[in-house]
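Presented below is the structure to which this report refers.
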Amino acid sequence: MGDAALMTDPAVSSLSGAKSIGVGVGVLLAAWVGYDLVWRSPLRFKPTAGFVVSLAWILALSAVLFATLSGRAAYIHVGVMLGTIMTGNVWMVIMPSQRELVNATIEGREQDPAIGLQAKTRSVHNNYFTFPLLFIMLSGHFPQTYDHRLNWLALLVLAVGSAVIRHAMNIRFTYRAWKVPATVALFVTLAVTLFLFAHPTGFARVAPRPPQPPTAWADVAPIFQSRCEPCHATLPTNTAFPTAPNGVVLENEHLARRWKDKILQRVVVLRNMPLANLTQMTDAERDRIGAWIDQGCR
């Protein structure tokens with residue numbers, strides 16, 4: 001609906017908006033079809049093998065997303081992919097199985113154990129998908145994750161860690177010491193994640209920034225006008241934003257000075273603004289803005 005405005009990143013690929021939409025929709029369909037085929041095949045009687053094949057399929061499709069879409073869009077689409085599988089499990093397997101078992105009871109027929117086992121298997125899968133999916137739903141508020149150079153690794157660490165924590169919660173009725181592995185998994189996940197975020201090469205930034213000549217507002221005003229104001233204006237020209245995101249308007253020197261700390265963090269340090277680098281701000285322009293702020297916003 002926004003003409004794929006936030007789905008593409010020139011630094012990742014040169015896909016057009018229409019093609020990126022095609023990739024997103026195609027991956028969702030392929031995810032469900034491939035997953036469902038695995039668990040309707042003889043592999044359903046070999047859970048370990050079925051798990052390995054399913055995981056490989058999901059990771060392969062995730063790799064396609066990270067290779068073609070912006071980090072933010074890739075995260076969201078991985079989440080929607082898991083959500084699509086979960087929804088398909090409920091609509092296409094769990095509920096029909098439940099209806100069949102209930103009908104068999106009402107009609108006095110013997111229940112087919114395979115039907116109940118099939119529904120249970122899909123329900124278990126949905127259970128383990130829950131925590132990774134919840135994180136991805138919130139990931140839009142944490143650009144440190146999807147804008148990291150190893151954004152796929154950050155997502156993998158958080159997904160695996162949260163699934164392990166979920167497993168510890170699942171065994172709490174039969175394993176009284178479940179809090180120990182859950183706590184260990186939590187701190188290991190946090191430690192690895194923080195290490196990724198703290199490493200200076202993790203983000204597309206230059207550290208330290210190269211020396212810049214004296215920089216005045218007149219030197220950076222054209223950058224703000226061409227790279228920032230399409231979204232951060234009283235009347236944005238980017239149709240995806242009817243109003244300036246978060247109320248941040250950067251149409252003049254006074255307003256830019258007001259938001260200088262946030263600009264330094266998001267534009268110069270983390271380099272995750274403009275969103276998905278939609279206006280294709282260059283590293284030289286980011287350094288110029290950083291120099292203007294470092295020199296006191298003269």
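All values reported here derive from a predicted model rather than from experimental measurement. In this chain, numbering begins with 1 at the start of the sequence shown.
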Worked check of side chain to side chain contact (heavy atoms under 4.5 Å, CB included) between Arg109 and Asn103
CA-CA 8 Å; Arg109 294 184 284 109; Asn103 289 337; 4.1 Å; yes
Kindly indicate, with the supporting measurements, whether the criterion side chain to side chain contact (heavy atoms under 4.5 Å, CB included) is fulfilled by Cys297 and Glu253.
CA-CA 9 Å; Cys297 303; Glu253 181 179 2; 5.9 Å; no
Output, in order, the C-alpha distance, side-chain angles, deciding distance and verdict of ring-ring contact (aromatic ring centres under 6.0 Å, His included) for Phe45 and Trp39.
CA-CA 9 Å; Phe45 302 115; Trp39 292 100; over 10 Å; no
What's the verdict on ring-ring contact (aromatic ring centres under 6.0 Å, His included) for His125 and Tyr35, showing C-alpha distance, side-chain angles and the deciding distance?
CA-CA 11 Å; His125 294 173; Tyr35 165 86; 5.8 Å; yes
Walk me through it: do Val93 and Arg40 pass the test side chain to side chain contact (heavy atoms under 4.5 Å, CB included)?
CA-CA 10 Å; Val93 179; Arg40 291 186 187 275; 3.7 Å; yes
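Annotation: the span from Ile289 atom CD1 to Arg286 atom CZ amounts to 8.0 Å, rounded to 0.5 Å. Atom NE2 of His232 and atom OG1 of Thr243 lie 10.5 Å apart (nearest 0.5 Å). Note that the CG atom of Leu82 and the CZ atom of Phe129 stand 5.5 Å from one another [nearest 0.5 Å].
Within 6.0 Å of atom CZ in Arg257, more than 12 heavy atoms from other residues, nucleotides or ligands are found, so the atom counts as buried in its surroundings. Within a 6.0 Å radius of CG in Leu235, no more than 12 heavy atoms belonging to other residues, nucleotides or ligands are found.
Asn238 places no side-chain N or O within donor-acceptor distance of the main-chain N or O of Cys231, the cut-off being under 3.5 Å. Side-chain N or O atoms of Asp219 include one that pairs as donor or acceptor with a backbone N or O of Ala216 at under 3.5 Å. Checked by atom type and distance alone, the side chain of Tyr75 never pairs as donor or acceptor with a backbone atom of Ser139 at under 3.5 Å. A distance-only check finds no donor-acceptor pair linking the side chain of Arg266 to the backbone of Met273 [under 3.5 Å]. Listed for the Gln295 side chain is a donor-acceptor partner under 3.5 Å among the backbone atoms of Pro213.
Classification of the Trp217-Phe224 ring pair by plane angle, with boundaries at 30° and 60°, yields tilted. The aromatic rings of Phe197 and His148 sit tilted relative to each other, their planes meeting at an angle between 30° and 60°.
Cation-pi geometry between Arg166 and Tyr128 is not met: the NZ or CZ atom fails to fall both under 6.0 Å from the ring centre and inside 45° of the normal.
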